[in-house]
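As structure tokens, the structure follows; a few thoughts come after it.
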Amino acid sequence: MIEMLDHLWLRPFWLVALPLAALAGFFLMRQAGHLGGWERAMDPALMAAMRRLGKVSAGPRSRNWLPAILLALIAVALAGPAVERRDTPAFRNLDGVVIAIDLSPSMTEPQRLLDMLTTARLVAEAAGTRQVALVVYGGDAYLASALTSDARAMGGTISLLTADTMPDAGTRPERALAMAGRVLREAEIILGDVVLLSDGGGIGAPALAEAARLAADGITLSTLHVPSGAADHADPAAMAELARLGGGVAGTLTDPFGVAEAISTRPASRLAATDYALLVLQDRGRYLLLLALLPALILLPGRRTA
């Protein structure tokens, strides 16, 4: 897409046909055979006699330009001249998902981290048209990505997480759950989901209380247990308890499909108007195609004498 002559051209490569149309028109006008080449094939005396008898009707020479004009109009139409429309109403989905990822030291072994991030992308894709936000945590929680409906951008953000992302040591899942709930409440999300990916480290009374608070606010908490190399740190039972209190589904890194299905099957039909301006382009090429009908109609075969 390029901008030219106060228009945005959606498919500008079609404009290369314009010089070809001009070249075709030039050669058509240079043709001596505006009688179809009969001037060269017939005896000049016979041609003169037929002219005197009114048996030859050459028609206007400008008619030779019509195929070139037709080709040019079609090329410009296919190039997609478009104008911006700023009056298009915009809406946002009132259903959202927050993915909370534990990036504490016990979770950042390279292969484990790669598997966890792959699973997080699966959850993001399962959200479909719902908005998705990303929270990462260790000793504290941070909003890595605000709510967005751009699944590709979210997948890119998740892929950028590394063992060095978190500046704080420790594991405080209650802070991640509190931030996830705050994100959904401030966005006035009606149907919210939180998905926590962790080995269960740090889960205690504060985290359980946050799970119950989420459930009280109508926010569903699901968990995905990630096996950890720190046996004394992992707590799959605590992850299952979080999911029970949050009214969600407890899954594992090796079997995340129950959680993904629960996310994907939730309705996503609640919409509200938003003040964000959308860039909507109106393609005006179809009007040029209507204009191209005029030379096409003139070129239709009719009664000719020769």
Side-chain angles (χ1 to χ4, degrees), residues 93-104 107 115-137 141 143-145 147 149 151 154 158 171-228 234-270:
N93 202 319
L94 292 180
D95 304 319
V97 180
V98 178
I99 302 173
I101 299 180
D102 183 356
L103 290 180
S104 58
M107 301 293 296
D115 294 342
M116 182 172 61
L117 298 184
T118 301
T119 304
R121 287 196 297 270
L122 172 66
V123 174
E125 292 173 1
T129 59
R130 302 171 70 188
Q131 300 180 84
V132 183
L134 178 64
V135 171
V136 294
Y137 74 96
L143 182 62
S145 176
L147 285 167
S149 56
M154 177 57 68
I158 293 174
T171 308
R172 301 291 297 275
E174 67 276 8
R175 295 194 175 185
L177 297 179
M179 176 169 285
R182 186 163 60 252
V183 168
L184 294 173
R185 295 184 196 101
E186 291 177 352
E188 298 180 349
I189 295 297
I190 293 178
L191 184 63
D193 280 274
V194 177
V195 179
L196 179 72
L197 289 88
S198 173
D199 61 356
I203 296 178
L208 297 175
E210 286 294 340
R213 188 174 296 114
L214 291 174
D217 290 340
I219 299 172
T220 302
L221 171 62
S222 297
T223 61
L224 285 168
H225 178 255
V226 182
S228 172
D235 194 349
M239 292 286 284
E241 179 64 12
L242 274 182
R244 187 189 68 80
L245 287 174
V249 178
T252 65
L253 198 64
T254 56
D255 185 16
F257 303 106
V259 173
E261 183 178 2
I263 297 297
S264 64
T265 55
R266 292 198 186 279
S269 58
R270 299 167 179 83

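Because only heavy atoms are used, hydrogens play no part in the values below, and waters and symmetry mates are left out as well, while side chains stay in.
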If I take atom [atom1] from residue [X] and atom [atom2] from residue [Y], how far apart are they, to the nearest 0.5 angstrom?
| X | Y | atom1 | atom2 | answer |
| --- | --- | --- | --- | --- |
| Leu177 | Arg182 | CG | CZ | 11.5 Å |
| Glu210 | Arg172 | CD | CZ | 11.0 Å |
| Leu122 | Ile158 | CG | CD1 | 10.0 Å |
| Gln131 | Asp95 | CD | CG | 9.0 Å |
| Leu224 | Leu196 | CG | CG | 8.5 Å |
| Leu184 | Ile190 | CG | CD1 | 12.0 Å |

* To do: Output yes when a side-chain donor or acceptor of Thr223 lies under 3.5 Å from a complementary backbone atom of Met239, and no otherwise.
  =>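 Pair found, side chain donor or acceptor close to backbone of Met239.
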
List the atom of [X], the atom of [Y], and the distance in Å for their closest heavy-atom pair.
| X | Y | result |
| --- | --- | --- |
| Ser222 | Gly248 | OG-CA, 3.6 Å |
| Thr220 | Gly247 | CG2-O, 3.5 Å |
| Ala207 | Pro173 | CB-CG, 4.2 Å |
| Ala124 | Met154 | CB-CG, 4.0 Å |
| Leu221 | Leu242 | CD2-O, 3.7 Å |
| Leu197 | Ala120 | CD2-N, 4.1 Å |

Non-hydrogen side-chain atoms of [X] and [Y] separated by less than 4.5 Å:
| X | Y | result |
| --- | --- | --- |
| Val123 | Pro256 | no |
| Met107 | Ile101 | no |
| Glu261 | Val249 | no |
| Asp102 | Tyr137 | yes |

* So among Val226, Leu253, Val195, which one has a side chain to side chain contact (heavy atoms under 4.5 Å, CB included) with Thr119? -> Leu253

* **Partner of Ile219 by side chain to side chain contact (heavy atoms under 4.5 Å, CB included), out of Ile189, Leu191, Leu214** =>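 For Ile219, the side chain to side chain contact (heavy atoms under 4.5 Å, CB included) test succeeds with only one of Ile189, Leu191, Leu214, which is Leu214.
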
* Begin with the C-alpha distance, continue with both residues' side-chain angles, and end with the deciding distance and a verdict on side chain to side chain contact (heavy atoms under 4.5 Å, CB included) for Leu103 and Met116. => CA-CA 10 Å; Leu103 290 180; Met116 182 172 61; 4.2 Å; yes

